[in-house]
Amino acid sequence: MMSLKRLLDKLKHLNRQRNLKTKILKKKIYFSYISLIKIRSSLVPAKYKNITILMTDLGIGDVIVASFLIKSLRDSSFNVSVIVEERIAYLFDGFIDVDKKILFGDLDLLKKQVKDNRIDLLIDLMDINDLTEKRIQIIHTIKPKHTIGFNQKNHVYDTSIKYKKYHDHFTSRMTTILNLLNVKFNDVKYYFNLPPSAYDEVNNFLFEHKINNKKIIAFNPFGSFSEKSFSYQQINNIINFMSKYEDSVLIIIGEKNKLSLINNVHKNVFIGNFSSFFASIALVELCDLLISVDTSIVHVGNAFNKKLISIYSNMQIGEFDSNIAWAPNYGNAKQIFTKEYKRTSIGDDISKMELDELFKEIEQDIALKY
């Protein structure tokens, strides 16, 4: 016979399951209702002036890549605003030019910011994923005249582009949007501005360390999480390898807390402990060779057309092959791939890869006359 305690525990468990199912059902009803009441509008680009790009849950690299779309639209006389979270909002304070940034913290704050600003067209570059419900709520809250999305089912998207080019670079989505809006563009290029203070800091760094008449190699060993980063043992191995090239200097960049754990014992290897991300970008512009894991810095390399050796780890994000969709995407860039080919959202663990291929590529590049 079941004890009273076990019976109560069983009832609590059943109640939690019921509440969970009720919550899921309510959510389905809510989003079905939003879709049902939305009357889809026709796409009429000639009538649009104010375009907003939904950029919540994106990273620095995503923003740099999207600068191509932003500038192309602004060059065609559209006013372009972006909806972003606080953590990346600083990138739109002069680094990437927009007409307005709209901060997303919660829906009430968002509603206040767009209250007196009519949005003619909203662009969502993402497919259906775990964050789609949040994006639908944002669209429903700000009520643009027209919304463009990709492979979407909810009717808040007036135009849903059927897109299956998952083995193309992510910018192909942006060119699809531009073609849809009859916006002319030339090459795919990224655009941003650096403050003079970023160049001053790097030039002072080079002067203080007496770095002149040598090849400058910028090295970014850290990704957004540990599996996308070199281990400290690997970093030390790379430092040891680079120490034999006396006509070159290696400057390691990244987050200060991670840089502080690197043991630098060689005269031609330096820690670029800069005050800001912008100074690291300035160093990339000045360097002769860039070495980086798959992170925003590879897209910075693209902007400056720098010689690049990049390391990618076979990440599979939904339908996207990250090796391709988020590749450096320019002729001066080389990609090295890890060998496990797990094809997961985390990808292979870069800290487990052998460095022989990287060393071979570095040797070949250093041997070239820059």
Side-chain angles (χ1 to χ4, degrees), residues 53 55-71 74 80-103 188-209 211-212 216-225 228-229 249-260 262 269-310 326 328-330 332-333:
I53 303 173
M55 303 190 74
T56 54
D57 304 299
L58 299 185
I60 296 173
D62 306 322
V63 171
I64 291 172
V65 171
S67 67
F68 157 65
L69 175 62
I70 293 169
K71 190 171 191 303
R74 295 183 83 232
V80 179
S81 59
V82 291
I83 298 176
V84 294
E85 291 138 326
E86 186 68 44
R87 62 187 174 79
I88 62 166
Y90 72 96
L91 296 173
F92 298 97
D93 292 332
F95 177 63
I96 293 177
D97 292 327
V98 293
D99 295 288
K100 184 179 181 180
K101 67 175 181 181
I102 302 168
L103 290 178
V188 174
K189 293 180 66 177
Y190 308 149
Y191 300 89
F192 49 74
N193 312 295
L194 286 179
S197 58
Y199 293 108
D200 291 341
E201 184 174 357
V202 172
N203 285 323
N204 288 337
F205 178 90
L206 298 177
F207 178 78
E208 288 171 10
H209 294 284
I211 299 172
N212 52 58
I216 298 174
I217 301 172
F219 175 37
N220 174 51
F222 304 115
S224 53
F225 50 87
K228 286 179 71 176
S229 304
V249 295
L250 184 74
I251 303 176
I252 307 175
I253 56 177
E255 296 172 40
K256 285 187 175 183
N257 62 321
K258 295 177 181 177
L259 291 173
S260 66
I262 296 175
V269 179
F270 301 91
I271 305 299
N273 202 11
F274 300 121
S275 65
S276 72
F277 176 63
F278 302 132
S280 294
I281 293 177
L283 176 70
V284 171
E285 183 175 2
L286 296 174
C287 78
D288 298 292
L289 172 65
L290 173 63
I291 304 169
S292 179
V293 296
D294 170 19
T295 190
S296 60
I297 288 294
V298 302
H299 306 303
V300 172
N302 178 311
F304 296 127
N305 195 31
K306 285 294 168 180
K307 292 183 69 63
L308 167 69
I309 302 171
S310 58
W326 296 105
N329 200 36
Y330 67 108
N332 254 348

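Residue indices begin at 1 and follow the sequence shown.
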Discussion item. With side-chain contact (heavy atoms from CB on, under 4.5 Å) as the criterion, how do Val269 and Ile252 come out once you've worked through the C-alpha distance, each side chain's angles and the decisive distance to 0.1 Å?
Written reply: CA-CA 8 Å; Val269 179; Ile252 307 175; 4.1 Å; yes

Practice prompt. Go through Asp288 and Lys307 one step at a time and tell me if the side-chain contact (heavy atoms from CB on, under 4.5 Å) criterion holds.
Written response: CA-CA 7 Å; Asp288 298 292; Lys307 292 183 69 63; over 6 Å; no

Practice prompt. Begin from the C-alpha positions of Ile96 and Val82 and carry the test side-chain contact (heavy atoms from CB on, under 4.5 Å) through to its verdict.
Written response: CA-CA 11 Å; Ile96 293 177; Val82 291; over 6 Å; no

Worksheet item: Taking it one step at a time, do Asp97 and Asn193 satisfy side-chain hydrogen bond (donor to acceptor under 3.5 Å, both in side chains)?
Response: CA-CA 8 Å; Asp97 292 327; Asn193 312 295; 3.2 Å; yes

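Between the NE2 atom of His299 and the OG atom of Ser67 there is a distance of 10.5 Å, given to the nearest 0.5 Å. Atom CD1 of residue Ile88 and atom CG of residue Leu103 lie 10.0 Å apart, to the nearest 0.5 angstrom. Here the CG atom belonging to Leu194 is positioned 9.0 Å from the CZ atom belonging to Phe277, to the nearest 0.5 angstrom. From Ser224, atom OG reaches atom CD1 of Ile60 across 10.0 Å, with rounding to the nearest 0.5 Å.
Checking Asn302, Val300, Leu308 one by one against Phe304, the side chain to side chain contact (heavy atoms under 4.5 Å, CB included) holds for a single residue, Val300. For the side chain to side chain contact (heavy atoms under 4.5 Å, CB included) criterion with Phe205, the lone passing option out of Leu283, Ile251, Asn273 is Ile251.
When all heavy atoms of Cys287 and Lys306 are compared, the pair lying nearest together is O-NZ, 2.8 Å. Taking all atoms of both residues into account, the shortest heavy-atom contact from Ala279 to Val202 is O-CG2, 3.2 Å. The two residues Pro328 and Ala333 make their nearest non-hydrogen contact at CB-CB, 3.5 Å. Contact between Asn220 and Gly254 at its shortest, heavy atoms only, is OD1-CA, 4.2 Å. Minimum interatomic distance between Phe92 and Val98 (heavy atoms only, all atoms of both residues): CD2-CG1, 3.7 Å. Taking every heavy atom of both residues into account, Leu58 and Arg87 meet most closely at O-NH2, 2.8 Å.
Asp99 contributes a side-chain N or O that, together with a main-chain N or O of Val80, makes up a donor-acceptor pair within less than 3.5 Å. Panel note: side chain Lys101, backbone Val84; no donor-acceptor pair is recorded below 3.5 Å. When atom types are taken as modelled, the side chain of Asp62 and the backbone of Gly59 share a donor-acceptor pair closer than 3.5 angstrom. Checking side-chain atoms of Thr295 against main-chain N and O of Gly223 turns up no donor-acceptor pair under 3.5 Å.
Enclosure of atom CZ in Phe207 is not indicated, since only 12 or fewer non-hydrogen atoms of other residues, nucleotides or ligands lie within 6.0 angstrom. The number of heavy-atom neighbours closer than 6.0 Å to NZ of Lys189, taken from other residues, nucleotides and ligands shown, is 12 or below.
Side-chain atoms of Val65 and Tyr190, non-hydrogen and from C-beta on, do get closer than 4.5 Å to each other. At least one side-chain heavy atom of Ile83 sits under 4.5 Å from a side-chain heavy atom of Thr56. Annotation: side chain of Phe222 is in contact with side chain of Leu259 (closest heavy-atom distance under 4.5 Å). Using a 4.5 Å heavy-atom threshold, the side chains of His209 and Val249 count as separate.
Using bins of under 30°, 30° to 60° and over 60° for the plane-to-plane angle, the ring pair Phe95/Phe278 lands in the tilted bin.
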